[in-house]
Amino acid sequence: MDEGTSNEAWWKKAVIYQIYPRSFYDGNGDGVGDLRGILEKLSYLTDLGVDAIWLSPVFKSPMVDFGYDISDYCAIDPLFGTMGDFDAVLGAAHRHGLKVILDLVPNHTSSEHPWFLSSRASRTSEFRDWYIWHDPAPGGGPPNNWLSAFGGSGWEFDPTTRQYYYHTFLSCQPDLNWRNAKVREAIKDVMRFWFAKGVEGLRMDALWYLLKDERFRDNPPNPDYSVGEPPDHQLLPLYTTDLPEVHEAIADLRRVADAYDDRLLIGEIYLPPEKLVAYYGTNLEGVHLPFNFSLLETRWHARTLAALIDEYEGALPPGSWPNWVLGNHDRPRIASRVGPSQARVAAMLLLTLRGTPTLYNGDELGMPMAHIPADRVLDPLEVNVPGLGLGRDGARSPIPWSDSAYAGFSPSEPWCPLIEDWKSTNVAVLEKDPASMLTLHRKLLGLRKQYPALMSGSYLPLLATGDILLFRRKHGATSILVALNLGSQPGAIEVENCAGTALLSTYCDRADEYCGGRIDLRPHEGLMILELGTANHP
Ligand code: TEU
């Protein structure tokens, strides 16, 4: 796992911070986060030590899927502010040294997008073939068995033109037809619009769904499906995801990005490593970073993690750059998945592994999932598919800034319930605590910046035994040992040829403590050691 060099592209050295705008900070007092709120909190982000912000969609949208149903790709939704507000955030972010990544949704639009309004109005519309229309099956009903990721059939009947249209997600999110060159050109123009404004990157939503089988063949049944899984898992998405043709479409989008300096494309792709790495492209003409979600759903066990890291590192094509994710707006928060103590170890893992990390807003505070009462459920996925624990509202709770009313997020009742312990888990309290999760993140991010071994060094797997996971990061003469105790009991490990001084414990102590040979770890402790013989200047 190779060492990088110092003149690497910015996105290879950066830590990306995902902002869920409606929950970040409310700048206009309506109970919903917005662009002015982000503007007011940019210094918090530079104090934290991140380098790029990825904003979940802020474009014009009916907000049925909270902005992932776009009705104008080149306009800001009034809920978040104006294009002037966006320009202010972009300019201020750049002045703060932050890159800005937006969230493009190329797979589908809102059913209120003008393209779709025209497409559904008439079979002869010039936009008819911009979406995926099909006659009913011979006996009537949906053309085939394709299912929506959000429950029910993936087909919606349109009585006006008496055909069905396909929607991977909600029926108000009709899929664009990526076999239509005009669709591709239209999305490429959207990319150019935002790149021309100075946006440095685009996260491409649901990228592995883009192409569907042109023969509309039924997806095969999933032999491993078990009740309680998302209903669309009843079928294997053989003809609706990860089609070979998708890579040419992605290469076309990459050529747009490459026409600008130093732009980044991130692909949202939920596939196992051996399939995921195809999205780098055969000659790295794909996306720069296919999101690696393998830490999101894995068993939290030392040997499992070691195997997962090695599998991913081993699958990476030559010249590609790794990335790691611990959380996002669609999945349960890490602090609820592994508990608050292990969330500290997870933070050290995320920020010491090789490659670009993406940090989900609030995870630096150790935010758990918020409790969402039945009458406060808003996520259409939970509304459509209740009771399976798929609901995402709990991961989208407003960031608690202080112990004042509504956690200092807004002067009004926030759109989504706050986490239960917001009076103690908030920025104002945690930034004063020398051993808080926030302090730990600031220290970890500082060490990443200080040591090229962490930012671009090689990854050397060492050991996974019991609850202990050990690996090294090396760059030139610098070697940093990372020792993680994933267990609730103290652990000790003898490491040959290891002697050095501790850089940081997840307990936020032990700095400069001598560590030699035997490494003692407290329960749920991660420890970083700068090894002797290592250049003490980073
Ligand atoms: O999610 C796409 C996707 O992978 C879904 O299966 C996702 O995991 C879903 O939320 C189930 O948990 C992207 C966005 O991240 C998500 O917020 C949107 O709802 C979805 O696309 C549709 O745009």
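All values below come from the heavy atoms of this structure, side chains included, with hydrogens, waters and symmetry mates left out. Start at 1 and go down the list; that is how both ligands and their atoms are numbered.
No close placement of the Y360 and W54 rings is indicated, their centers lying 6.0 Å or farther apart. In this structure, F59 has its ring center closer than 6.0 angstrom to the ring center of W194. Residues W146 and Y166 bring their aromatic ring centres within 6.0 Å. Ring to ring, Y209 and W178 are not that close: their centroids are 6.0 angstrom or more apart.
Across L381, L207, D330, heavy-atom proximity to atom 11 (C) of ligand 1 is greatest for L381. Checking F291, F169, F293, Y270 against atom 5 (C) of ligand 1, the nearest heavy atom belongs to F169. Between the choices T168, D205, T241, the shortest heavy-atom distance to atom 23 (O) of ligand 1 belongs to D205. The residue from R331, R396, R392 that puts a heavy atom closest to atom 12 (O) of ligand 1 is R331. In the candidate list W208, F150, F66, W208 is nearest to atom 4 (O) of ligand 1, counting heavy atoms.
Nearest heavy-atom pair across G33 and F80 is O-CD2, 3.6 Å.
In this structure, R203 is part of the shell of residues with a heavy atom less than 4.0 angstrom from ligand 1.
For ligand 1, the atoms closer than 4.0 angstrom to any heavy atom of H108 are 22 (C), 23 (O). Counting atoms of ligand 1 from 1 in the listed order, those under 4.0 Å from a heavy atom of H329 are 14 (C), 15 (O), 16 (C), 17 (O). Residue D65 approaches ligand 1 through these ligand atoms, each under 4.0 Å from one of its heavy atoms: 18 (C), 19 (O), 20 (C), 22 (C), 23 (O).
Remark: E420 CD is loosely packed, at most 12 non-hydrogen atoms of other residues, nucleotides or ligands lying under 6.0 Å away.
Considering backbone and side-chain atoms alike, E268 places an N or O below 3.5 Å from some N or O of ligand 1.
No option in L326, D363, V325 other than L326 meets the side-chain contact (heavy atoms from CB on, under 4.5 Å) test with L350.
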Legend entry - Derivation and outcome, side chain to side chain contact (heavy atoms under 4.5 Å, CB included), residues N328 and Q18: CA-CA 7 Å; N328 60 37; Q18 179 191 358; 3.4 Å; yes

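The nearest protein atom to atom 6 (O) of ligand 1, hydrogens excluded, is given as Y209 OH, 4.1 Å; this is a heavy-atom distance.
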